[in-house]
Amino acid sequence: MRRLHKNFVPVIPYYSVIPLIAAFSFNMAVYGGARLIAGNWYHYNIETRLDRLIPFFSPAASVYLGCYLFWAVNYILIARQEKREAFQFFSADFLSRTVCFTCYLVFPTTNTRPFVEAEGFWNQVMLFVYRADAADNLFPSIHCLVSWLCFAGLRGKHTIPRWYQRASLGMAVLVCLSTLLTKQHVIADVIGGILLAEACLWLGKHTVTGTVYEKAADKVNSVFFKNPEFFKKGRSTSCREKRK
């Protein structure tokens with residue numbers, strides 16, 4: 001507990017540690033689980049004529065892959081919010097992945113990837129992405145979903161500088177564009193990801209979803225953090241009390 005307090009609690013409140021780990025784990029389970037179950041099923045191609053007009057631009061992979069740092073920073077910033085606000089967000093995050101998992105099984109989609117020459121650094125990066133990430137689990141786009149959650153989760157927060165909120169919006173838009181320019185997703189995937197993010201955030205704030213998640217998280221935290229007061233007081237206070 002003391003080591004956890006020293007390394008994490010100054011950055012992440014104790015009540016958000018488990019939800020952060022759960023969000024990452026559930027995201028991986030949804031993505032990998034859906035591929036494991038439906039990988040060999042028939043996949044629908046929902047490309048439109050407009051999608052085919054969008055050019056392939058391999059340097060967009062810099063945004064497509066670089067967004068993971070953006071996600072990590074913003075999820076930590078969101079986790080540092082007041083407990084109720086943080087849990088409303090994490091309930092929306094959980095709900096959004098549940099919807100994604102359902103979509104990937106009920107309506108599996110794919111798209112047509114372009115032929116990419118092996119010459120050039122960014123072309124090599126894209127070939128690596130294509131090899132590592134099959135053309136499935138596309139609608140809605142988790143890349144767009146998470147990026148929009150990163151923006152919307154900080155939107156209107158007085159504790160976050162307005163310039164950073166705007167930068168988060170800009171980054172979310174760039175990520176959405178990168179999914180199209182790298183031919184990882186189609187327009188419907190992008191729209192679906194954004195709408196799903198907004199819908200789940202609304203549900204997390206205005207329905208029992210956030211409350212249910214908070215109660216469940218409290219129970220889990222009570223198991224892992226037997227004495228949450230320790231984290232509020234800090235290590236130095238605890239040590240002084242121990243010496244007394």
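Sequence positions, counted from 1, serve as the residue numbers for this chain. Just so it is clear, the model here is predicted, and its values are computed rather than measured.
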Nearest 0.5 Å, please: how far is [atom2] in [Y] from [atom1] in [X]?
| X | Y | atom1 | atom2 | answer |
| --- | --- | --- | --- | --- |
| Gln88 | Thr211 | CD | OG1 | 7.5 Å |
| Asp189 | Ile194 | CG | CD1 | 11.5 Å |
| Leu69 | Asn74 | CG | CG | 9.5 Å |
| Leu145 | Cys100 | CG | SG | 5.0 Å |
| Leu127 | Trp122 | CG | CH2 | 13.5 Å |
| Leu138 | Asn111 | CG | CG | 5.0 Å |

Hydrophobic cluster mates of Val208, side-chain heavy atoms under 4.5 angstrom, ILVMFWY only, any path?
->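 The other cluster members (ILVMFWY side chains, heavy atoms under 4.5 Å, direct or chained) are Val212.
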Under 4.5 Å between side-chain heavy atoms, chaining through other members, with only Ile, Leu, Val, Met, Phe, Trp and Tyr counted: pull out the rest of the cluster around Ile46, sorted by chain and number.
->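 Result for Ile46 is Tyr42, Tyr44, Phe107, Phe139, Val186.
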Between [X] and [Y], is there shared hydrophobic-cluster membership here, with clusters defined by ILVMFWY side-chain heavy atoms closer than 4.5 Å?
| X | Y | value |
| --- | --- | --- |
| Met28 | Leu105 | no |
| Val73 | Ile78 | yes |
| Tyr213 | Tyr15 | yes |
| Ile142 | Val106 | no |
| Phe87 | Ile21 | yes |

Check the pair Tyr164, Leu77 against side chain to side chain contact (heavy atoms under 4.5 Å, CB included), reporting the backbone distance first and the verdict last.
-> CA-CA 11 Å; Tyr164 189 80; Leu77 289 175; 3.6 Å; yes
Taking side chain as C-beta onward, heavy atoms only, is [X] less than 4.5 Å from [Y]?
| X | Y | result |
| --- | --- | --- |
| Ile37 | Tyr104 | no |
| Asp218 | Lys83 | yes |
| Tyr130 | Arg113 | yes |
| Pro19 | Phe89 | no |
| Asp136 | Pro108 | no |

What pair of heavy atoms forms the shortest contact from [X] to [Y], and how long is it?
| X | Y | value |
| --- | --- | --- |
| Leu201 | Gly153 | CD1-N, 4.4 Å |
| Cys67 | Met171 | CA-CE, 4.0 Å |
| Gly204 | Ser91 | CA-OG, 3.6 Å |

[X] side-chain N/O to [Y] backbone N/O, donor-acceptor pair under 3.5 Å:
| X | Y | answer |
| --- | --- | --- |
| Arg97 | Phe26 | no |
| Asn27 | Phe24 | no |
| Arg80 | Val11 | yes |
| His43 | Trp41 | yes |

Between Tyr31 and Asp133: side-chain donor-acceptor atoms closer than 3.5 Å |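 Short answer, yes.
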Does a donor on one side chain and an acceptor on the other come within less than 3.5 Å for Asp93 and Ser96?
->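 No - no donor-acceptor pair under 3.5 Å links their side chains.
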Please test Cys150 against Leu154 for side chain to side chain contact (heavy atoms under 4.5 Å, CB included), starting from the C-alpha separation and ending with a verdict.
-> CA-CA 7 Å; Cys150 283; Leu154 298 179; over 6 Å; no
Side chain to side chain donor-acceptor pair (under 3.5 Å) partners of Glu85, counting only residues at least two apart |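 By the side chain to side chain donor-acceptor pair (under 3.5 Å) rule, Glu85 matches Lys157.
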Identify all side-chain donor-acceptor contacts of residues 53-61 below 3.5 Å with residues at least two apart in sequence or on another chain.
residue	atom	partner	partner atom	Å
Ser58	OG	Asn123	OD1	3.0

Thr207: partners by side-chain contact (heavy atoms from CB on, under 4.5 Å), with sequence neighbours left out |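 Thr207 satisfies side-chain contact (heavy atoms from CB on, under 4.5 Å) with Trp202, Leu203, Thr209 once adjacent residues are dropped.
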Listed partners of Leu20 passing side-chain contact (heavy atoms from CB on, under 4.5 Å), at least two apart =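 Testing Leu20 for side-chain contact (heavy atoms from CB on, under 4.5 Å), a comparison that skips the adjacent residues, returns Ile12, Tyr75, Ala79, Phe90.
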For a quick test of your reading: what N or O donor-acceptor pairs under 3.5 Å do the side chains of residues 172-182 make, sequence neighbours left out?
residue	atom	partner	partner atom	Å
Ser178	OG	Val175	O	2.6
Thr179	OG1	Cys176	O	2.6
Thr182	OG1	Ser178	O	2.7

For Asn45, the option from Thr112, Asp51, Thr110 that meets side chain to side chain donor-acceptor pair (under 3.5 Å) |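 Option passing the side chain to side chain donor-acceptor pair (under 3.5 Å) with Asn45: Thr112.
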Does any pair with a residue in [range] pass salt bridge (charged side-chain N to carboxylate O under 4.0 Å, His left out), and if so which ones, sequence neighbours excluded?
| range | result |
| --- | --- |
| residues 198-216 | Arg84-Glu214, Arg155-Glu198 |
| residues 52-76 | none |
| residues 170-184 | none |

Side chain to side chain contact (heavy atoms under 4.5 Å, CB included) assessment of Phe70 paired with Ser168 = CA-CA 8 Å; Phe70 167 60; Ser168 294; 3.9 Å; yes
Please identify each residue that fulfils ring-ring contact (aromatic ring centres under 6.0 Å, His included) with Phe151, with sequence neighbours left out.
->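 Checked Phe151 against ring-ring contact (aromatic ring centres under 6.0 Å, His included); matches are Trp148.
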Please identify each residue that fulfils ring-ring contact (aromatic ring centres under 6.0 Å, His included) with His143, with sequence neighbours left out.
->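 ring-ring contact (aromatic ring centres under 6.0 Å, His included) check on His143 returns Tyr64, Tyr68, Trp71.
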